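This report concerns only the one structure given below.
Predicted model, so just to flag it, every value in this text is computed and none were measured. Chain naming here is simple, since letters A, B, ... match the order of the sequence lines and numbering starts at 1 in each.
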Amino acid sequence: MDFKNPNFFYEKRVLNMIESIKLKLKNILENVILNRFDVSVNIIVEAPKRKEQGDLSIPVFTIAKALQKPLSDVMKIINETIETSPLSSFFSDYLAIGGFFNIKLNSIAIIKFVVDDFANHQKDYGHSLIGEGKTVCIDYSSPNIAKPFSVGHLRSTIIGHSLGNLLEKCGYKVVRINHLGDFGTQFGKIIYAYQHFGDETLIRKDPINELVKLYVEFHERAKNNPEMDDEARRIFKELEQGNPEYTNLWNWFRKVSLEDYMKVYEKLNVHFDSYNGEAFYNDKMQPIIDELSEKGLLKEDEGAMIVDLGEEMPPALIQKSDGSTLYITRDLAALFYRKKTYNFSKCLYVVGNEQKLHFEQIKAVSKLMGYPYDKEIEHINFGLVLQDGKKMSTRKGKIVKLDDVLDEACHLSLVYINEKNPELENKKLISQKIGVSAVVFNDLKNYRANDFEFNLEDMVRFEGQTGPYLQYTSVRIASILNAESFEFNGNIDYMRLANESEFEIIKVISQYQMTVEKSAIESSPSILAKYLLNLASLFNSYYGKEKIIVENLIEKNTKKHLLAMVKYILDDGMTLLGMQVIDKM
RNA sequence: GACUUGGUAGCUCAGCUGGAUAGAGCAACGGCCUUCUAAGCCGUCGGUCAGGAGUUCGAAUCUCCUCCGAGUCGCCA
């Protein structure tokens, strides 16, 4: 281990400097204790809760207990070990508080590292190599044709989009797949409804909304006429088998729906590599069914074909008693197709909590078939969009269209601009970027698996932990940095950055890469969202008490370096979340 | 009923591989703009971490039980 080598901490850039120090410290202490006492302990090196307590902290209780020695003796051993280790040059002070051995970092060394690291990488600061050479497929958005793009699909869309960005930042090759819900019994229903009580001219005028009306009406009528459901199933089966009349209608419905979705994707700035939906796999299911049959996994039950999954899970229904296929059959076909086409190392499905069982079944079936996909596919579940504590549904006609939500948010941000900065140019365009980003951030800031109460008022509130707060922070910095020319020239006063408020910011900056990796690995954009809020808050606090544009040139330049780093991370982070960056608001 | 998931400040939520005095934002109240964007900053108020038991030097975090909410449980997706 060559701690003196300046490149030591750049190794693969897997860990930032402080994390790296923590890990080395842990290893050194564990080794010393193992060698001296022949006792193996797990030593924790963490950050203390309060900043007066230093930068690193080692709880000594467990070690003392394992060694059966008093705390003070163990403290002494730790102190000696650290003092004689090459790490000591990164530390400036040691404090024993209660049962904790705390360490203050040598801030100058850390600051130099962070600032140099940043200057060397700039545009790809925070970029990681953990995904190099690996491909990840992400199945997200996947709206159901002939249904409006609801706020329910919003979650899948923006979580998936953000995960794609995060994974790319970590070096993965990402394949973004919009697995359109363009097949299934619902099409039998819509076609039935269209043929019995639809109106072509109305649909041409306002396609999506009319199709939704038909769908809703079908369900209302079917309540008292259960034979309509049988008829819809029959129609779908014929569609599956290529009935030309139904296929034409299907094509039409699909086309107009997709045109509608594209408008939303444009607003959200979301894109896909593939729009192969369920229908795409219509001719790719038979080989799967054959293989299941050959492997003796398929059996008949009440006229349907199922795969028995044992005690823990209900059986997977592969083929209905009328011979038509189901969602899971098409998903299996899609899985095999994606593996063959993209050779993914992971395939993520950004789909709601309620489909948990479905993905458990897919894993179980593929495992029974002898494939390792159960380890490669991952259900990125997310919570329901609730309204007044209840799930929103198109069947009951309670529809909240995403388009309306976005418009409302944009409109409100325009109202705010007129209030706060009426002279601003391009108000309309900027208000759209603020409004859409507010909706995106509002969704991503909470842990995805939890339910989500849909509240327009909270969403467009532009105070506190919101998208506009992040944008506003970036804008404030932009207005300083753009006032006169600035570049990273390294002409700075490191001592100044060692002041408490500056060093706090430096430490957070140094955690950016690790935060991005953690967000990507845990598929949790909320981790990054919380981090950005924290960074913005630290900056705003700093901004409130420090003047940046000062007479002293080196002081001014030093502060600008700090601001430029903060701004880069805010902008890069917002982009990763799928928000838009602006320089005036 | 079984399985999954959640219950932390009035509201929205962090924190959960056990660590120090449980944190933010909103709301309420009080300050701060002749000086880099006040969509901001500073401060005050606010908690039996659903309840109980257990493990531990130490529990919001782990285990068990109870209560409450949500989701899922073959011919929808």
Mind checking if [X] touches a base, just sugar-phosphate, or nothing, with heavy atoms under 4.0 Å?
X       : result
N102(A) : base
M585(A) : base
G181(A) : nothing
I306(A) : base
D583(A) : base
P315(A) : base

Rounded to whole Å, how long is the line connecting atom [atom1] of [X] with atom [atom2] of [N]?
X       : N      : atom1 : atom2 : answer
F441(A) : G25(B) : CZ    : C1'   : 11 Å
I477(A) : G40(B) : CD1   : C1'   : 13 Å
E463(A) : A28(B) : CD    : C1'   : 14 Å
Y327(A) : U72(B) : OH    : P     : 13 Å

Indicate syn or anti for G40(B), taking the glycosidic torsion and treating anything within 90° of 0 as syn.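 Base orientation: anti.
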Quick one: classify the glycosidic conformation of C26(B) as syn or anti, with syn meaning within 90° of 0.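 Here C26(B) takes the anti form, which means its glycosidic angle is more than 90° from 0.
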Just wondering, do Y140(A) and I177(A) contact through their side chains at under 4.5 Å, heavy atoms? no
Hey, does Q53(A) have a side-chain heavy atom less than 4.5 Å from the side chain of R50(A)? yes
Does [X] place a side-chain N or O at less than 4.0 Å from the phosphate oxygens OP1/OP2 of [N]?
X       : N      : answer
R476(A) : A39(B) : no
K320(A) : C76(B) : yes
Y472(A) : A39(B) : yes
T185(A) : A77(B) : yes
S321(A) : C75(B) : no

Atom NZ of K427(A) with >12 non-hydrogen neighbours under 6.0 angstrom: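 Enclosed.
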Out of A77(B), C36(B), C75(B), whichever nucleotide has its closest atom nearest the side chain of R330(A):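 Nucleotide nearest to R330(A)'s side chain: A77(B).
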Closest to side chain of Q186(A), choosing from A77(B), G23(B), C73(B): A77(B)
Salt-bridge criterion met for [X] and [Y] (N-O under 4.0 Å):
X       : Y       : result
K51(A)  : E504(A) : no
R233(A) : D322(A) : no
K363(A) : E360(A) : no

What is the distance from atom CG of L335(A) to atom OH of Y281(A), rounded to the nearest 0.5 Å? 9.5 Å
Which distance, rounded to the nearest 0.5 Å, do you find between the CD of E378(A) and the CD1 of I138(A)? 10.5 Å
For nucleotides 3-12 of chain B, read 5' to 3', which letter fits each nucleotide if B means a protein heavy atom sits under 4.0 Å from the base, S means only the sugar-phosphate is that close, and - means neither? -S--------
Between H561(A) and F486(A), is the ring centre distance below 6.0 Å? yes
Does S57(A) get its side chain close enough to the base of A20(B), under 3.5 Å, for a donor-acceptor pair?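 For S57(A), whose side chain was compared with the base of A20(B), there is a donor-acceptor pair (under 3.5 Å).
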N421(A) (side chain) and A38(B) (base): donor-acceptor pair under 3.5 Å: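 Checked by distance alone, the answer is no.
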With [atom1] as the reference atom in both, quote the distance from [N] to [M] in angstrom, rounded to an integer.
N      : M      : atom1 : value
C36(B) : G40(B) : C1'   : 13 Å
A59(B) : A20(B) : C1'   : 14 Å
G69(B) : A22(B) : C1'   : 24 Å

Where along residues 525-545 of chain A does a heavy atom fall under 4.0 Å from RNA chain B? K530(A), N540(A), S541(A), Y543(A)
Output field dot_bracket for RNA chain B (Watson-Crick or G-U, both distances under 3.5 Å, | for other-strand pairs) contains ((((((((.[[[[.)...(...]]]].(((((.......))))).....[[[[[..)....]]]]])))))))....
